[in-house]
Amino acid sequence: MSLHSQIGEVGKVADKGFMAQYLEALALVERLHRLLLDVIKDEFERLGILEINSVQALLLFNVGDNEVTAGELKTRGYYQGSNVSYNLKKLVESGYMHHQRCEMDRRSVRVRLTEKGRKVRTTVETLFARHAEGLESRSVIDASGIDEINTALRRIERYWSDQIRYIY
């Protein structure tokens, strides 16, 4: 059964207006993530940082001061892509991350940022701070609006997580 026909079946039960809004929200989340990567890419090109891509820069930002395994990158929400091992390998080879085999489980590798990786993290953090200031100073959105968005997205995240855990 195609996604379109599945949506049609659900639409018979659910409020069609709500369904349209839900689909718009899904599309917005997806577009915003891609746009975020483009914004990071543009900033890095402007600064002449061409050695890493925006996905890798966002990964460095999200890891921050933590030391994590490759598996934890996805479970903690630090990495959204499908090829985490490729990006980790590139970041290690380029000197942005240290990697070390775990003492307890030799199959597992822990990673953390190098000084070079921390500089990239600071660059992304500065970009985000500039955006936060711009959003607020131009009255695009205020603190309560961001809080409402975050609350709604956390509820959706919880709902989807429950679907994965309990339906399949």
Side-chain angles (χ1 to χ4, degrees), residues 3-4 6-8 10-68 72-84 86-88 90-91 94 96-97 111-165:
L3 179 59
H4 182 68
Q6 288 175 5
I7 290 171
V10 172
K12 290 176 185 175
V13 178
D15 174 11
K16 289 186 191 307
F18 182 83
M19 181 63 172
Q21 293 290 348
Y22 177 62
L23 293 175
E24 181 179 2
L26 293 177
L28 278 168
V29 168
E30 188 177 352
R31 280 198 316 265
L32 283 171
H33 180 67
R34 285 195 310 267
L35 192 56
L36 171 63
L37 294 176
D38 287 344
V39 166
I40 294 169
K41 177 182 175 278
D42 287 352
E43 178 73 359
F44 275 53
E45 286 175 355
R46 189 181 66 72
L47 295 172
I49 303 171
L50 306 174
E51 190 176 30
I52 64 172
N53 64 40
S54 55
V55 170
Q56 293 164 343
L58 191 56
L59 175 61
L60 292 172
F61 174 79
N62 287 329
V63 168
D65 293 329
N66 299 310
E67 183 176 295
V68 296
E72 288 173 324
L73 291 174
K74 279 191 167 187
T75 58
R76 291 187 184 188
Y78 294 160
Y79 185 79
Q80 316 306 308
S82 60
N83 201 341
V84 67
Y86 168 81
N87 282 306
L88 282 178
K90 288 297 185 186
L91 289 168
S94 301
Y96 293 96
M97 293 188 113
V111 295
R112 70 183 189 289
L113 302 187
T114 62
E115 182 59 36
K116 189 176 177 183
R118 286 191 293 278
K119 286 180 183 174
V120 168
R121 185 194 191 289
T122 300
T123 300
V124 176
E125 184 175 39
T126 301
L127 172 67
F128 290 169
R130 195 169 68 235
H131 289 169
E133 165 67 27
L135 287 166
E136 196 169 31
S137 70
R138 294 181 184 159
S139 299
V140 174
I141 194 163
D142 62 11
S144 67
I146 286 286
D147 188 49
E148 287 178 35
I149 289 169
N150 289 340
T151 298
L153 290 173
R154 276 190 220 100
R155 287 178 179 163
I156 293 170
E157 179 183 36
R158 240 184 340 267
Y159 176 78
W160 285 350
S161 294
D162 289 348
Q163 297 304 299
I164 294 166
R165 278 190 211 111

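This structure is a prediction, so every number in the text was calculated from the model and none was measured.
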Legend entry - Whether His131 and Phe128 hold their rings parallel, tilted or perpendicular, with breakpoints at 30° and 60°: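 Tilted: the ring planes of His131 and Phe128 meet at 30° to 60°.
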
Nearest 0.5 angstrom please: [X] [atom1] to [Y] [atom2], how far?
{"X": "Phe44", "Y": "Leu127", "atom1": "CZ", "atom2": "CG", "answer": "8.0 Å"}
{"X": "Asn150", "Y": "Glu157", "atom1": "CG", "atom2": "CD", "answer": "10.5 Å"}
{"X": "Arg31", "Y": "Asp38", "atom1": "CZ", "atom2": "CG", "answer": "13.0 Å"}
{"X": "Thr123", "Y": "Leu47", "atom1": "OG1", "atom2": "CG", "answer": "6.5 Å"}
{"X": "Met19", "Y": "Glu24", "atom1": "CE", "atom2": "CD", "answer": "13.0 Å"}
{"X": "Tyr86", "Y": "Leu91", "atom1": "OH", "atom2": "CG", "answer": "9.5 Å"}

Minimum heavy-atom separation for [X] to [Y], with atom names?
{"X": "Ala57", "Y": "Ile40", "value": "CB-CG2, 4.0 Å"}
{"X": "Phe61", "Y": "Arg121", "value": "O-NE, 3.2 Å"}
{"X": "Gln56", "Y": "Asn53", "value": "N-OD1, 2.8 Å"}
{"X": "Met97", "Y": "Leu88", "value": "SD-CD2, 3.6 Å"}
{"X": "Ser54", "Y": "Lys41", "value": "CB-N, 3.8 Å"}
{"X": "Arg118", "Y": "Leu113", "value": "NH1-O, 3.1 Å"}

Legend entry - N/O donor-acceptor pair under 3.5 Å between Asn62 side chain and Leu58 backbone: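 Yes, the answer is positive, given that a donor and an acceptor are paired below the 3.5 Å cut-off.
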
Inset, instruction - Determine, step by step, whether Glu115 and Lys119 satisfy the salt bridge (charged side-chain N to carboxylate O under 4.0 Å, His left out) criterion, reporting the C-alpha distance in whole Å, the side-chain angles of both residues, the deciding distance to 0.1 Å, and the verdict. - result: CA-CA 6 Å; Glu115 182 59 36; Lys119 286 180 183 174; 5.1 Å; no

Legend entry - Whether over 12 other heavy atoms sit under 6.0 Å from Glu136 CD: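 No, CD of Glu136 has 12 or fewer neighbouring heavy atoms, counting only those of other groups under 6.0 Å.
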
Legend entry - Arg155 atom CZ, over 12 foreign heavy atoms within 6.0 Å: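 12 or below, so no.
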
Legend entry - Student check: side-chain heavy atoms of Val63 and Leu60 closer than 4.5 Å: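 Answer no - side chains too far apart.
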
Inset, instruction - Take Arg46 and Glu43 through the salt bridge (charged side-chain N to carboxylate O under 4.0 Å, His left out) test and state the conclusion after the steps. - result: CA-CA 5 Å; Arg46 189 181 66 72; Glu43 178 73 359; 2.8 Å; yes

Inset, instruction - Could you please spell out the steps behind the side chain to side chain contact (heavy atoms under 4.5 Å, CB included) verdict for Val29 and His33? - result: CA-CA 6 Å; Val29 168; His33 180 67; 5.8 Å; no

Inset, instruction - Would you please test Asp147 and Thr151 for side chain to side chain contact (heavy atoms under 4.5 Å, CB included) and show each step? - result: CA-CA 6 Å; Asp147 188 49; Thr151 298; 4.1 Å; yes

Legend entry - Worked verdict on Ile141 versus Ile149 for side chain to side chain contact (heavy atoms under 4.5 Å, CB included): CA-CA 10 Å; Ile141 194 163; Ile149 289 169; 3.4 Å; yes

